[in-house]
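A quick write-up on the structure given underneath.
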Number of protein chains: 2
Amino acid sequence: MRLSTKGRYAVTAMLDLTLHGGEGPVTLAEISETQGISLSYLEQLFACLRGKQLVRGVRGPGGGYYLGRPGDEISIADIICAVDEWVEFTRCGGNQDCQEGKRCLTHNLWDDLSSEIYTFLSSITLADLVERGGLRETGCVRNKKDDGELSVREGSRAA
Amino acid sequence: MRLSTKGRYAVTAMLDLTLHGGEGPVTLAEISETQGISLSYLEQLFACLRGKQLVRGVRGPGGGYYLGRPGDEISIADIICAVDEWVEFTRCGGNQDCQEGKRCLTHNLWDDLSSEIYTFLSSITLADLVERGGLRETGCVRNKKDDGELSVREGSRAA
DNA sequence: GGTTATTCCGAGTTCTTTACTTGGTTTTTA
DNA sequence: TAAAAACCAAGTAAAGAACTCGGAATAACC
């Protein structure tokens with residue numbers, strides 16, 4: 001599983017659609033300004049998202065983008081997979097046979113971990129996030145980082 | 001949270017230490033050959049890991065690396081944070097005040113998600129992975145991808 | 001004490017990806 | 001017909017990933 005800034009852009013933009021899609025289509029120009037992402041880059045990201053039917057574009061004036069399906073049917077994994085190519089990590093798999101099993105073992109372990117992360121991200125939908133984020137919708141309560149090291153918010157949710 | 005190939009290299013290498021650390025220190029040369037990563041690149045990664053006390057280096061002939069602490073006390077998040085810089089995503093946080101709260105909302109949501117992923121990866125230790133992977137230690141049972149789209153192994157663990 | 005295997009260190013180089021730019025074309029509303 | 005939007009494709013700049021090179025320090029072994 002790959003989780004880069006590109007994926008974050010996509011997730012954040014999709015969140016925007018989820019939040020404001022009820023008020024009509026959301027234009028890329030709006031997202032571009034709100035999130036500080038270049039318009040053309042957004043277009044590229046949305047081309048990927050459209051390809052997977054995660055968003056639906058409406059052309060012409062007054063147009064913009066809607067979610068392709070309800071927010072509770074779109075997982076974070078869906079979004080990330082649409083824009084971030086799922087790269088194959090193992091070098092032994094496929095072509096080459098694994099040498100002495102040892103190499104293969106750690107790769108299996110990684111694959112397991114990878115699957116778990118994917119399963120985890122598949123279990124979180126846009127609707128989940130919005131529902132949860134609504135708790136603090138009043139005001140702007142960003143937590144300041146202490147020393148910039150980890151920036152993990154304590155107790156955001158019990159695991 | 002950032003999860004790139006760099007982090008994978010580190011996790012896979014650490015898994016190698018976990019698996020074979022009992023038989024004496026593991027050299028980077030061995031890992032380099034087994035995993036197909038260049039030696040100097042590994043050195044750089046291990047410099048990061050050493051900085052966080054995740055590994056302990058032994059110099060001289062017969063030397064190599066041990067885990068810095070027991071495998072059940074090292075989480076995947078520890079490893080990834082050591083090598084992959086934790087980049088701050090939000091542009092409004094810190095310096096600039098959030099504009100009209102809207103911008104801030106999606107960023108809060110992203111932060112929440114980010115925290116969750118972190119919490120999740122913090123809950124998985126090297127020992128966990130080895131224990132779980134041991135189930136298939138016999139032979140080399142890699143699952144072939146069906147169409148290269150998602151490569152998710154079904155039923156790896158019930159969520 | 002010298003040789004060798006290893007970690008340690010830093011300054012580069014190359015390649016890929018990210019992120020952006022430019023300049024268009026379609027579509028649709030008003 | 002004009003304007004606002006999605007669409008599209010090619011190119012560019014910056015960043016990061018991955019690697020290379022050349023060495024230094026440390027410790028084991030002969």
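As the structure is a computational prediction, the values presented were derived from the model and not from experiment. Within every chain, numbering begins at 1; the chains are lettered A, B, ... in the order of the sequence lines, protein sequences first and strands thereafter.
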- Rounded to the nearest angstrom, tell me the gap between atom CG in B/L42 and atom P in C/dT6. 14 Å

- Separation of D/dC7 C1' from A/L39 CG (nearest whole Å): 11 Å

- Query: Among the nucleotides D/dA18, D/dT20, C/dC20, which one has an atom lying closest to any side-chain atom of B/T5?
  - Reply: D/dA18

- Length of the CD-P vector between B/Q44 and C/dG10, whole Å: 11 Å

- Task: Let me know, please, whether A/K6 or A/G62 comes out on the 5' side of the other along DNA chain C by nearest nucleotide.
- Result: A/K6

- Any idea which of C/dT18, D/dA17, D/dA6 is nearest the A/Y65 side chain? D/dA6

- Message: Judged by each residue's nearest nucleotide on DNA chain C, which is more toward the 5′ side, B/G60 or B/A47?
- Response: B/G60

- How are the rings of A/Y41 and A/Y9 set to each other: parallel, tilted or perpendicular (split at 30° and 60°)? perpendicular

- Query: For the pair made of CZ in A/R56 and C1' in D/dA5, what is the distance, rounded to whole Å?
  - Reply: 15 Å

- Task: Whole angstrom is fine here: how far is it from CD1 in A/I37 over to P in C/dC20?
- Result: 8 Å

- D/dA5 P sits how many Å from A/I31 CD1, rounded? 13 Å

- Note on the structure: note: B/E43, atom CD; C/dC8, atom C1'; distance rounded to Å ~ 7 Å

- Respond yes when some side-chain nitrogen or oxygen of A/S4 is under 4.0 Å from OP1 or OP2 of C/dT17, and no when none is. no

- Task: State plainly whether the residues A/R69 and A/D78 are in salt-bridge range, i.e. N to O under 4.0 Å.
- Result: yes

- Message: Return the CD to OG distance between A/E43 and A/S32, rounded to the nearest 0.5 Å.
- Response: 9.5 Å

- Message: Whether the side chain of A/S75 engages the backbone of A/I124 through a donor-acceptor N/O pair (distance < 3.5 Å, no angle test) should be reported.
- Response: no

- Message: Taking the minimum atom-to-atom distance to the side chain of A/T27, which one of D/dA6, D/dA17, D/dC19 wins?
- Response: D/dA6

- Task: Report yes if a side-chain nitrogen or oxygen of A/Y66 is closer than 4.0 Å to either non-bridging phosphate oxygen (OP1 or OP2) of D/dA6; otherwise report no.
- Result: no

- Counting only side-chain N and O atoms of A/R59, is one of them less than 4.0 Å from OP1 or OP2 of C/dT29? no

- Task: Return the value, rounded to whole Å, for the distance between atom CD of B/E33 and atom C1' of C/dA5.
- Result: 16 Å

- Task: Determine whether the side chains of A/D16 and A/T34 contain a donor N or O and an acceptor N or O closer than 3.5 Å.
- Result: no

- Item | Presence of B/R50 side-chain N/O under 4.0 Å of C/dC9 phosphate oxygens OP1/OP2 | yes

- Message: Please tell me if B/Y41 has a side-chain N or O lying less than 4.0 Å from either OP1 or OP2 of D/dA18.
- Response: yes

- Message: Under 4.0 Å, counting only non-hydrogen atoms across every strand here, what does A/S40 touch: a base, just sugar-phosphate, or nothing?
- Response: base

